[in-house]
Amino acid sequence: MKLHLSSPSNLCIESKVTITGSKSESNRCLLLKALYNTISISNISNSDDAQVMEKGLEVQNGIVDIHHAGTAMRFLTSFFATQQGREVTLTGSQRMTERPIKVLVDALKELGAEISYEKNEGYPPIRIKGKKITKHRVSLPANISSQYISSLLLVAPSLENGIELELVGKITSVPYIKMTLSLLSEIGVENSFEDNTIKVYPKQQVNNIDLVVESDWSSASYFYSIVALCEVGTKIELSAYKENSLQGDSVLASIYTSFGVETKFENNKVVLSKTEDKFPKDFSWDLSNAPDIAQTIAVTCFGLGIGCELSGLHTLKIKETDRLEALHTELTKLGASITVTDKSLSLKPTSIINEDVAIDTYNDHRMAMAFAPLAIKSGIIINDAGVVSKSYPDYWTDLKNLQFKVSEI
């Protein structure tokens with residue numbers, strides 16, 4: 001599906017949007033529910049990734065195809081490795097077979113898991129024979145994707161001796177690790193995170209509990225971008241959000257003050273308001289703890305004519321696509337002057353936005369959604385627009401409700 005997007009000039013919006021549960025939080029809750037049948041979940045994400053995760057957890061033996069869902073690949077690897085008597089082959093899309101899994105597999109093998117590679121060493125597909133795991137001490141590099149770390153922590157309480165995990169080096173994506181530990185605490189699992197050591201203690205049974213998933217902050221980022229690019233007076237209300245969020249991407253509230261966007265929390269809702277049109281000439285931020293919002297911020301800065309320096313982006317090269325190279329290619333098409341390294345992005349200020357450029361999305365939902373707000377400044381075409389279903393199936397409908405003109409080509 002190819003979409004052309006545009007919007008009325010001098011767009012000023014006042015609207016409400018309901019966003020379903022966080023994909024990251026939903027997938028964690030789904031795994032815990034599979035381990036403890038006394039857990040129920042409310043406000044679960046309606047994303048493809050969450051659906052794939054839920055279906056994957058139900059497979060007893062055979063092929064588990066998680067398509068493009070990287071979180072499901074990491075979480076299910078640990079899950080099936082610890083499920084005695086179950087044997088599966090975990091696979092996915094072509095891109096998934098290019099995304100490394102070796103760090104996690106090595107850690108699980110160190111604990112006693114039985115996992116082998118079906119094709120290329122270090123990459124899916126992988127064959128997993130579930131075993132009883134009794135070893136509990138293991139180490140991981142601290143600068144890897146937090147999903148590897150969370151994968152081990154989530155299965156830890158179901159193991160006979162829990163897990164003591166040492167993180168070697170400087171830790172990145174700390175909020176996602178803390179999200180996992182907070183959910184474990186919520187279901188009554190004892191844990192600790194001191195210096196570079198995380199301990200999760202075993203728990204055989206969990207009391208009846210309903211885990212309520214907060215709405216997705218990554219999805220909220222696109223509305224922050226829209227408000228920033230709109231006229232002063234624009235106001236969008238999003239639900240349902242918590243001021244003391246577990247999600248690292250909630251740092252958006254601080255970041256977007258630089259772009260004239262004010263955030264207010266009211267009764268589990270967040271209200272975004274465009275309050276001024278004064279911006280810094282250059283913007284810089286270390287996104288080590290929230291790399292998933294890098295694309296949104298880069299596009300916002302480009303749309304406002306602001307230069308930006310974004311760092312802490314080393315995990316973006318192994319996402320659905322190499323997001324840094326994808327940003328470089330697509331922003332250059334639009335007229336940007338941009339350079340990227342393997343862990344940073346630098347954008348120079350410009351007032352040029354080329355009209356009706358076709359943006360390639362590289363099977364990456366965030367490429368499609370991050371670039372869409374530029375329709376406020378210039379007509380834009382989004383190729384393979386259906387890719388948004390991975391995390392936010394209602395995205396295009398919600399944009400239409402905000403006065404965007406969205407037409408299929």
Side-chain angles (χ1 to χ4, degrees), residues 1-3 20-28 30-31 44-59 63-80 88-102 104-105 117-120 122-126 128 144-148 150-151 173 176 216 218-219 221-222 249 291-296 315-327 329-330 359-372 382-396:
M1 178 174 66
K2 181 184 293 189
L3 296 179
T20 64
S22 156
K23 177 167 68 76
S24 298
E25 206 172 317
S26 292
N27 283 336
R28 284 162 171 77
L30 284 167
L31 196 152
I44 194 167
S45 170
N46 66 347
S47 65
D48 287 353
D49 276 20
Q51 292 176 26
V52 163
M53 179 77 180
E54 192 166 17
K55 288 177 183 176
L57 288 163
E58 294 171 354
V59 176
I63 304 291
V64 180
D65 186 349
I66 52 79
H67 306 293
H68 302 300
T71 309
M73 174 60 71
R74 278 83 178 258
F75 287 4
L76 291 176
T77 296
S78 294
F79 175 75
F80 284 114
V88 302
T89 297
L90 198 51
T91 189
S93 65
Q94 176 60 37
R95 173 60 181 168
M96 192 56 61
T97 65
E98 299 166 357
R99 297 177 69 177
I101 195 74
K102 189 175 189 300
L104 178 58
V105 169
Y117 298 105
E118 293 285 271
K119 292 183 180 178
N120 297 322
Y123 298 87
I126 52 177
I128 306 171
I144 54 167
S145 167
S146 63
Q147 291 177 6
Y148 295 129
S150 288
S151 177
S173 299
Y176 287 100
D216 191 60
S218 303
S219 296
S221 74
Y222 314 117
D249 290 347
D292 280 346
I293 56 176
Q295 290 145 295
T296 310
T315 60
L316 294 191
K317 298 190 77 66
I318 59 168
K319 295 286 187 175
E320 284 78 353
T321 185
D322 181 337
R323 287 180 173 166
L324 287 167
E325 288 301 326
L327 276 170
T329 300
E330 302 310 311
I359 300 298
D360 290 321
T361 51
Y362 307 86
N363 287 321
D364 185 352
H365 54 133
R366 301 209 188 282
M367 287 296 289
M369 293 186 286
F371 276 85
I382 304 292
N383 292 331
D384 192 20
V387 73
V388 301
S389 65
K390 178 178 169 61
S391 64
Y392 191 170
D394 299 327
Y395 185 63
W396 304 121

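Quick caveat: nothing in here was measured; it's all calculated off a predicted structure.
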Participant: Could you tell me the separation between the CZ atom of Phe371 and the CD1 atom of Ile359, rounded to the nearest 0.5 Å?
Facilitator: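 Interatomic distance, Phe371 CZ to Ile359 CD1, rounded to 0.5 Å: 5.0 Å.
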Participant: By side-chain hydrogen bond (donor to acceptor under 3.5 Å, both in side chains), which residues pair with Asp48, not counting sequence neighbours?
Facilitator: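 Partners of Asp48 under the side-chain hydrogen bond (donor to acceptor under 3.5 Å, both in side chains) test: Ser389.
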Participant: Using side-chain heavy atoms (C-beta onward) and a distance below 4.5 Å, is Arg99 in contact with Met73?
Facilitator: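 They are not in side-chain contact.
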Participant: Side chains of Ser93 and Asn363: closer than 4.5 Å at any heavy-atom pair?
Facilitator: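 No; the side chains remain at least 4.5 Å from each other.
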Participant: Residues two or more places apart in sequence or in another chain: which of them pass salt bridge (charged side-chain N to carboxylate O under 4.0 Å, His left out) with Glu325?
Facilitator: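 For Glu325 there are no salt bridge (charged side-chain N to carboxylate O under 4.0 Å, His left out) partners, ignoring immediate neighbours.
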Participant: Any chance you could lay out the side-chain contact (heavy atoms from CB on, under 4.5 Å) test for Met96 and Ile66, step after step, and finish with the verdict?
Facilitator: CA-CA 9 Å; Met96 192 56 61; Ile66 52 79; 3.7 Å; yes
Participant: Can you give me the closest heavy-atom contact between Pro100 and Tyr148, atom names plus distance?
Facilitator: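 Minimum heavy-atom contact is O-OH, 2.6 Å.
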Participant: Just verifying a value: how many Å separate Ile293 CD1 and Ser219 OG, rounded to the nearest 0.5 Å?
Facilitator: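 Between Ile293 CD1 and Ser219 OG, I get 12.5 Å after rounding to 0.5 Å.
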Participant: Do Leu104 and Ser78 have side chains that get closer than 4.5 Å, going by heavy atoms?
Facilitator: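 Yes. Closest side-chain heavy atoms under 4.5 Å.
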Participant: Kindly indicate, with the supporting measurements, whether the criterion side-chain contact (heavy atoms from CB on, under 4.5 Å) is fulfilled by Val64 and Phe80.
Facilitator: CA-CA 10 Å; Val64 180; Phe80 284 114; 4.1 Å; yes
Participant: Which distance, rounded to the nearest 0.5 Å, do you find between the OH of Tyr392 and the CG of Asp216?
Facilitator: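 Spacing of OH (Tyr392) from CG (Asp216) equals 9.5 Å.
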Participant: Minimum heavy-atom separation for Ile44 to Thr20, with atom names?
Facilitator: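 In this case the closest contact between Ile44 and Thr20 is O-CB, 4.1 Å.
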Participant: With the side chain counted from C-beta on, respond yes when Glu118 and Thr89 share a heavy-atom pair under 4.5 Å apart, and no when they do not.
Facilitator: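 A side-chain contact exists here, since the closest heavy-atom pair is under 4.5 Å.
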Participant: Would you check if the side chain of Glu330 reaches a backbone N or O of Asp360 as a donor-acceptor pair within less than 3.5 Å?
Facilitator: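 Yes, because the side chain of Glu330 sits within donor-acceptor range (under 3.5 Å) of the backbone of Asp360.
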Participant: Look only at the side chain of Trp396 and the backbone of Ala385, and say whether a donor-acceptor pair between them is shorter than 3.5 Å.
Facilitator: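 Yes, Trp396 side chain to Ala385 backbone: donor-acceptor pair under 3.5 Å.
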Participant: Between Ala72 and Val52, which heavy-atom pair has the shortest distance, and what is it?
Facilitator: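 Scanning both residues, the minimum pair turns out to be CB-CG1, 4.5 Å.
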Participant: From Thr77 OG1 over to Ile128 CD1, what is the distance, rounded to the nearest 0.5 angstrom?
Facilitator: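 Rounded to the nearest 0.5 Å, the OG1-CD1 separation comes out at 4.5 Å.
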Participant: Taking the side chain as every heavy atom from C-beta outward, state whether Val105 and Tyr117 have any pair of such atoms under 4.5 Å apart.
Facilitator: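 They are in contact (side-chain heavy atoms under 4.5 Å apart), so the answer is yes.
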Participant: Write down the atom of Leu327, the atom of Met367, and the distance for their closest heavy-atom approach.
Facilitator: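 For Leu327 and Met367, the tightest heavy-atom pair comes out as N-CE, 4.2 Å.
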Participant: Within this structure, what is the CG-CZ distance for the pair Asp322 and Arg95, rounded to the nearest 0.5 Å?
Facilitator: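 Rounded to the nearest 0.5 Å, the CG-CZ separation comes out at 7.0 Å.
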Participant: Mind checking what makes salt bridge (charged side-chain N to carboxylate O under 4.0 Å, His left out) contact with Lys55, not counting sequence neighbours?
Facilitator: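 With sequence neighbours excluded, Lys55 shows a salt bridge (charged side-chain N to carboxylate O under 4.0 Å, His left out) to no residue whatsoever.
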Participant: Rounded at 0.5 Å granularity, tell me how far CG in Asn27 sits from CD in Gln51.
Facilitator: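 Asn27 CG to Gln51 CD: 11.0 Å, rounded to 0.5 Å.
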Participant: Have a look at Ser218 and tell me which of Arg366, Lys23, His365, Met369 forms a side-chain contact (heavy atoms from CB on, under 4.5 Å) with it.
Facilitator: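 Considering Arg366, Lys23, His365, Met369, a side-chain contact (heavy atoms from CB on, under 4.5 Å) with Ser218 is found only for Arg366.
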Participant: Decide yes or no on side chain to side chain donor-acceptor pair (under 3.5 Å) for Ser45 and Ser26, but give the supporting numbers first.
Facilitator: CA-CA 6 Å; Ser45 170; Ser26 292; 4.7 Å; no
Participant: Below 4.5 Å, heavy atoms only, C-beta onward: do Leu76 and Leu57 meet side chain to side chain?
Facilitator: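 Yes, their side chains come closer than 4.5 Å.
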Participant: Would you check if Asp292 and Asp249 make a side-chain contact, meaning some heavy-atom pair closer than 4.5 Å?
Facilitator: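 Touching, per the 4.5 Å side-chain cut-off.
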Participant: Can you check whether Arg74's main-chain N or O pairs, donor with acceptor, with Ser151's side chain at less than 3.5 Å?
Facilitator: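 At least one qualifying donor-acceptor pair exists.
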Participant: Take Ile101 and Leu90, measure what side-chain contact (heavy atoms from CB on, under 4.5 Å) needs, and give me the verdict at the end.
Facilitator: CA-CA 11 Å; Ile101 195 74; Leu90 198 51; over 6 Å; no
Participant: Minimum heavy-atom separation for Thr329 to Tyr362, with atom names?
Facilitator: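 So the minimum-distance heavy-atom pair works out to CG2-OH, 3.5 Å.
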Participant: Mind listing the closest non-hydrogen atom pair of Asn383 and Thr361 along with its distance?
Facilitator: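 Closest pair (atom of Asn383, atom of Thr361, distance): O-OG1, 2.9 Å.
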Participant: As a quick check of understanding, evaluate salt bridge (charged side-chain N to carboxylate O under 4.0 Å, His left out) for Arg28 and Glu25, giving each step before the final call.
Facilitator: CA-CA 5 Å; Arg28 284 162 171 77; Glu25 206 172 317; over 6 Å; no
